[in-house]
Protein chains: 2
Amino acid sequence: MSATSHLDRAPSLADVLAQRLEQDIAQGHYAPGEKLPSEQQLATTYGVSRPIVREAIGRLKHDGLVTSRQGSGAFVAESGGASVFRLDVSNFKDREEIESLIELLMAIESSATELAAQRRTEQDLIALGHQLEAMQAAIERGDSGVDEDVAFHRAIVEATKNPFFMDLSTFLDRRVRHFIRTARANTAKLQTGHMMAVQDEHRDIFNAIRDKDAQRARQAAENHLKRAAQRLAIYMKRV
Amino acid sequence: MSATSHLDRAPSLADVLAQRLEQDIAQGHYAPGEKLPSEQQLATTYGVSRPIVREAIGRLKHDGLVTSRQGSGAFVAESGGASVFRLDVSNFKDREEIESLIELLMAIESSATELAAQRRTEQDLIALGHQLEAMQAAIERGDSGVDEDVAFHRAIVEATKNPFFMDLSTFLDRRVRHFIRTARANTAKLQTGHMMAVQDEHRDIFNAIRDKDAQRARQAAENHLKRAAQRLAIYMKRV
DNA sequence: GTTGCCATCTTGTCAGGCAACTTGGTTATG
DNA sequence: CATAACCAAGTTGCCTGACAAGATGGCAAC
């Protein structure tokens with residue numbers, strides 16, 4: 001078996017064709033609103049069958065780059081840009097990618113905390129309080145507390161009422177959670193001390209949101225995330 | 001321009017099937033790592049042909065929800081979550097969606113400016129200076145200056161060296177740019193005054209980045225974005 | 001000149017089939 | 001008896017061919 005395990009999955013024909021068409025559109029080879037060649041024509045020019053062309057175009061349609069009308073043809077979308085944004089995370093192993101992801105997470109999370117402080121309802125506050133208690137219970141149980149940690153942050157972004165923040169945050173949480181979990185499992189000794197620190201920082205955030213103090217909430221979030229990143233760095237060093 | 005609204009695009013069979021499968025996976029109907037039925041089987045159960053099934057599964061593959069191995073079958077991806085994040089922006093008309101998008105843009109941009117101040121190279125600074133001059137020239141020419149405005153912000157996010165910031169920012173810029181452009185076209189009178197204000201704010205950001213003063217850079221960016229949002233709100237009221 | 005109709009093109013979908021690959025059991029061999 | 005080679009069934013990847021539904025442009029009739 002080669003060292004590259006599943007990094008090089010066979011790129012299907014539809015894959016490369018879709019990528020190629022996407023590239024052609026991005027480079028302005030096909031203007032916005034312009035009708036691109038028929039499926040049959042594309043099939044002959046690129047030397048593949050029509051179903052393959054269909055699959056590739058279907059992908060572009062799914063990404064909002066083209067819109068097709070039956071009987072008329074396929075047209076590249078107006079305004080040049082796609083209506084969906086794709087954030088491709090290739091692999092966990094890449095350290096730079098992780099750090100970039102964490103930076104993005106910190107940006108989102110701190111802004112979300114600020115917004116949450118401005119907009120939180122009584123209900124949001126109650127939910128946050130429950131998550132705080134759940135975290136405390138997890139600490140006393142001796143659990144890892146990762147789920148409760150994530151749930152607390154989740155409650156914050158939900159208080160923003162901004163669907164983009166919520167979606168992005170859940171995605172990033174999912175991607176980073178693995179690290180935290182595996183890292184913490186390897187260093188059980190340090191857990192309780194660290195987790196009590198986490199809990200204190202969470203409480204600071206909670207209090208700021210309770211007081212609707214946006215600036216303090218942001219600072220508390222930044223402080224928490226910075227420390228969390230440091231703790232994570234310590235964990236990662238060991239691996 | 002065609003008056004035909006493209007709001008109601010016919011949902012193709014592959015579309016609904018992909019959505020259905022995605023839903024089934026999200027709801028845990030198919031466990032992570034589990035092999036899902038063969039294409040033939042899915043075709044018969046859902047009453048469609050195999051190419052349709054292929055197209056639907058191809059979409060899920062593209063979104064990282066499933067991985068297929070030739071000869072073996074298709075398996076839902078591990079860790080439950082997709083490896084790509086999709087940010088669907090349905091339509092410009094929705095006011096709430098726009099405001100949510102702008103909030104996200106502000107969060108990204110202000111954090112990016114802070115990071116840029118920490119990491120900018122001499123080359124980054126030169127590029128930023130050029131964009132600043134280009135903006136000045138646009139003002140004196142009487143141009144809209146939207147492109148130069150975007151280019152300046154683009155140069156900032158590029159200085160972060162974080163690909164996720166860059167990609168997300170370009171996407172959001174593209175989505176918001178339309179508004180700015182159409183809005184400014186309608187209110188040509190106010191342009192010059194506003195644009196000089198924009199230029200002053202840009203200069204503040206530039207100076208902070210030049211001095212590598214991250215905190216000041218962030219504040220300058222927040223100030224600029226907040227004012228920009230206000231200006232945009234004024235424009236939008238007129239429409 | 002306007003209107004209605006039709007041939008033609010394009011997309012959407014289906015059916016069938018072959019090649020490449022994986023898998024599990026079966027058989028031959030030591 | 002254990003092990004290794006082998007083969008047959010199942011599955012995905014891809015192709016050819018064909019028909020239905022919708023759109024488009026030109027042609028003919030009025």
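Below, chain A is the first sequence line, B the second, and so on; all start at residue 1.
Straight-line distance from the CD atom of B:E39 to the C1' atom of C:dG17: 15 Å, rounded to whole Å. One interatomic measurement links the two molecules: CG of B:L13 to P of C:dA15, which rounds to 12 Å at whole-angstrom precision. Straight-line distance from the CD1 atom of A:I57 to the P atom of C:dT13: 14 Å, rounded to whole Å. For A:Q40 and C:dG12, the CD to P distance is 14 Å, given to the nearest whole Å. The interatomic distance linking B:L42 (CG) with D:dG10 (C1') rounds to 15 Å, in whole Å. The CD atom of B:E55 sits 16 Å away from the P atom of D:dT12 (whole-angstrom rounding). At whole-Å resolution of the value, CG in A:D15 and C1' in D:dT12 are 15 Å apart. Per the geometry, CZ belonging to A:F75 stands 12 Å off C1' belonging to C:dC9, to the nearest Å.
The ring of B:H62 has its center no closer than 6.0 angstrom to the ring center of A:H62.
In this model, the phosphate group of C:dG12 is approached by a side-chain N or O of A:K61 to a distance below 4.0 Å at OP1 or OP2. Phosphate contact (OP1/OP2 of C:dG12, side-chain N/O of A:S68, threshold under 4.0 Å): present. Residue B:R54 places at least one side-chain N or O closer than 4.0 Å to OP1 or OP2 of D:dG13.
For A:Q70 against D:dA23, a side-chain-to-base donor-acceptor contact under 3.5 Å is absent.
Side-chain contact between A:E103 and A:E99 is absent, with no heavy atoms from C-beta onward closer than 4.5 Å.
Checking D:dT12, C:dT13, D:dC15 against every side-chain atom of A:I52, the shortest atom distance belongs to D:dC15.
With hydrogens and angles ignored, the 3.5 Å screen pairs a side-chain donor or acceptor of A:T160 with a backbone N or O of A:V157. In this structure, A:D124 contributes its side chain and A:T121 its backbone to a donor-acceptor pair below 3.5 Å.
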Checklist line | Steps toward salt bridge (charged side-chain N to carboxylate O under 4.0 Å, His left out) verdict (B:E55, B:R50) | finding: CA-CA 9 Å; B:E55 195 175 334; B:R50 210 183 128 213; over 6 Å; no

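The cationic atom of B:R69 (NZ for Lys, CZ for Arg) lies less than 6.0 Å from the six-membered ring centre of B:F75 and within 45° of the ring axis.
Between A:R86 and B:D167 there is no salt bridge, since none of the side-chain N atoms of the basic residue sits less than 4.0 Å from a carboxylate O of the acidic one.
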Got a list of protein N/O to nucleotides 16-18 of chain D N/O distances below 3.5 Å?
unit_1	atom_1	unit_2	atom_2	d
D:dA18	N6	A:R50	NH2	3.3

